[in-house]
Number of protein chains: 2
Amino acid sequence: MAEHEESRCENCIIRELNSLKALKKEELKAISDSKVSRSIKKGEALFKEGEKLGGVYCVRNGVSKLSKISDNGKDQIVKIASKGEVLGQRSMISEEGTNLSAVALNDMEVCFIPKDQITGRIQDNPAFTQAILKHMAHELKIADDFIVNMAQKTVNQRLAEVLLYLSTTFGTDEEGYLVLILSRADIADVVGTATELCIRTLAKFKKQGLIETKGKRIKILDQSGLEKLKDGFQ
Amino acid sequence: MAEHEESRCENCIIRELNSLKALKKEELKAISDSKVSRSIKKGEALFKEGEKLGGVYCVRNGVSKLSKISDNGKDQIVKIASKGEVLGQRSMISEEGTNLSAVALNDMEVCFIPKDQITGRIQDNPAFTQAILKHMAHELKIADDFIVNMAQKTVNQRLAEVLLYLSTTFGTDEEGYLVLILSRADIADVVGTATELCIRTLAKFKKQGLIETKGKRIKILDQSGLEKLKDGFQ
DNA sequence: GATAAAAGATGACTTTTGTCAGTTGGCCAA
DNA sequence: TTGGCCAACTGACAAAAGTCATCTTTTATC
């Protein structure tokens with residue numbers, strides 16, 4: 001029985017967003033034959049830190065948080081991954097367990113691609129390897145910037161930055177509210193602070209006319225105000 | 001006039017420490033012919049953030065700090081690089097200016113390898129590309145861990161961790177003092193705090209019998225005490 | 001729609017961290 | 001030797017962040 005056209009990797013537009021676009025038709029066909037589609041419900045984990053993965057996950061739909069629990073038991077969200085992102089790639093290449101946990105922030109659809117399909121292509125398709133390398137180099141730059149932000153900026157600045165990031169990355173709806181809705185606790189885990197302080201700071205932003213809230217939904221009212229704040233001009 | 005044997009890349013043992021070991025004899029010869037050796041005095045910069053690099057620097061001797069100035073004007077040291085490290089590699093691959101500044105912490109000897117020597121090898125030697133990829137994947141894991149530490153740990157914990165890191169990475173002299181001697185300001189810039197708090201915290205550690213100091217030199221007295229501290233059991 | 005559970009919000013307080021204004025002490029060069 | 005300079009150090013205070021207890025609102029479920 002033939003699968004639907006759009007469920008085949010060769011026809012999947014998602015791959016234009018990641019390193020898989022460097023693969024040839026035949027290679028994609030082989031991957032498509034061995035891949036497994038999976039639905040992940042909001043709140044479910046794709047994998048947990050330390051786990052040995054048998055392959056990578058290509059995100060077709062939905063959003064996932066990648067986090068790690070520090071020695072003091074607090075969770076830190078390191079990245080928010082959505083459509084096109086390939087999860088588990090890094091740990092597969094360095095041949096370790098995953099360093100991060102991946103939990104769905106809303107309902108997701110992912111394709112699981114077995115390990116040997118990826119490692120095989122890294123062995124025999126230099127263009128693919130180079131694409132991953134370039135992507136990883138970029139990720140490393142982002143990580144370095146993140147380190148500097150966490151180390152040197154205040155919660156105020158970091159929260160302002162996160163709100164702007166959510167706006168530019170995931171966009172806003174017709175009413176101007178951020179499309180990606182996170183719990184206050186999750187926002188705090190991205191910012192790297194306690195939930196209470198996150199809530200208080202949001203309330204302060206609201207009082208200052210920078211944002212507006214409606215339940216857990218957030219609307220940015222003064223983008224340039226937030227940008228100034230993030231750069232330290234308070 | 002023939003160069004000294006040990007100044008040729010083919011004979012340089014340093015390359016065993018990095019991705020260059022994946023190169024073939026002829027490739028190394030070509031690199032050797034185009035490389036330029038350079039001496040950097042303590043305090044001098046190899047490059048500054050934002051600069052476009054014409055190649056990479058392979059560290060033969062000495063230690064360099066890699067840092068970035070945050071929007072608030074404070075410097076954050078992201079990495080301490082020594083013998084074998086290749087600097088500028090990441091920015092070359094992602095074809096951007098450097099994200100970090102590199103400043104010598106003591107007198108250094110480096111080899112400058114022109115850009116096209118590296119990009120050329122990435123194009124035509126898959127083993128080399130894979131070696132860099134694997135290294136970069138590992139660096140990314142370290143960066144993620146760093147993010148979690150900066151975000152979730154106290155200055156106490158982070159300073160304890162830095163001292164242990166300096167000890168295991170650069171070792172101690174006959175008297176037990178850390179071999180790599182950093183100014184208090186540099187230690188503070190690694191930890192991500194103000195110099196005064198760094199000094200105060202060192203004084204506290206001293207009072208607790210965890211360390212001993214003599215001028216700017218530091219000796220670890222109670223390693224397991226520091227390890228407990230770093231993991232949050234104070 | 002009632003009820004329980006979870007998430008959001010707030011007050012009061014403590015701890016941690018940052019800042020400013022000094023003093024001390026070692027090192028180098030004239 | 002002396003003066004100047006810089007890094008190390010200290011005290012006093014202010015600001016930022018974390019914690020705990022409690023209350024309110026929202027959401028989910030029967």
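Per chain, numbering begins at 1; letters A, B, ... match sequence-line order. In what follows, every heavy atom counts, from backbone to side chain, and hydrogens, waters and symmetry copies are set aside.
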Legend entry - Polar side-chain contact E196(A)-dC20(D) base: donor and acceptor under 3.5 Å: yes
Legend entry - Gap between atoms CD and C1', on Q157(A) and dT17(C) respectively (whole Å): 15 Å
Legend entry - Donor-acceptor pair between T213(A) and K206(A) side chains, under 3.5 angstrom: yes
Inset, instruction - Rounded off to whole Å, could you give me the CD-to-C1' distance for the Q152(A) and dT17(C) pair? - result: 12 Å
Legend entry - Ion pair check, D145(B) and K68(A), cut-off under 4.0 Å: yes
Inset, instruction - Measure from the side-chain heavy atoms of I199(B) and tell me the nearest of dT17(C), dA9(C), dC9(D). - result: dC9(D)
Inset, instruction - Send over the distance from K214(B) NZ to dG25(C) P, rounded to a whole Å. - result: 18 Å
Legend entry - Between dG8(C) (C1') and K206(A) (NZ): distance, integer Å: 11 Å
Legend entry - N72(B) CG - dA15(D) C1' separation (whole Å): 15 Å
Inset, instruction - Rounded off to whole Å, could you give me the CG-to-P distance for the L202(A) and dT10(C) pair? - result: 11 Å
Inset, instruction - Identify, between T213(A) and A151(A), the residue whose nearest nucleotide on DNA chain C lies closer to the 5' end. - result: T213(A)
Legend entry - From L105(A), V103(A), N106(A), L87(A), residue fulfilling side-chain contact (heavy atoms from CB on, under 4.5 Å) relative to S64(A): L87(A)
Inset, instruction - Taking atom types as modelled, find out whether Q157(A) and N72(B) have a side-chain donor-acceptor pair closer than 3.5 angstrom. - result: yes
Legend entry - Residue T154(A), side-chain heavy atoms: nucleotide from dA8(D), dA16(D), dG8(C) that is nearest: dA16(D)
Legend entry - T195(A) side chain near dG8(C) phosphate (N/O to OP1/OP2, under 4.0 Å): no
Legend entry - Between C1' of dA7(C) and CG of D189(A), the distance in whole Å: 14 Å
Legend entry - Nucleotide nearest K74(A) (side chain, heavy atoms from C-beta), chosen from dT10(D), dA17(D), dT19(D): dT19(D)
Legend entry - Salt-bridge criterion met for K79(A) and E139(A) (N-O under 4.0 Å): yes
Inset, instruction - Check whether the side chain of R200(B) and the base of dG11(D) form a donor-acceptor pair under 3.5 Å. - result: yes
Legend entry - 5' priority, DNA chain D, between A203(B) and K42(A) [closest heavy atom]: A203(B)
Inset, instruction - Mind calculating the distance between NZ (K216(A)) and C1' (dT24(D)) to the nearest angstrom? - result: 16 Å
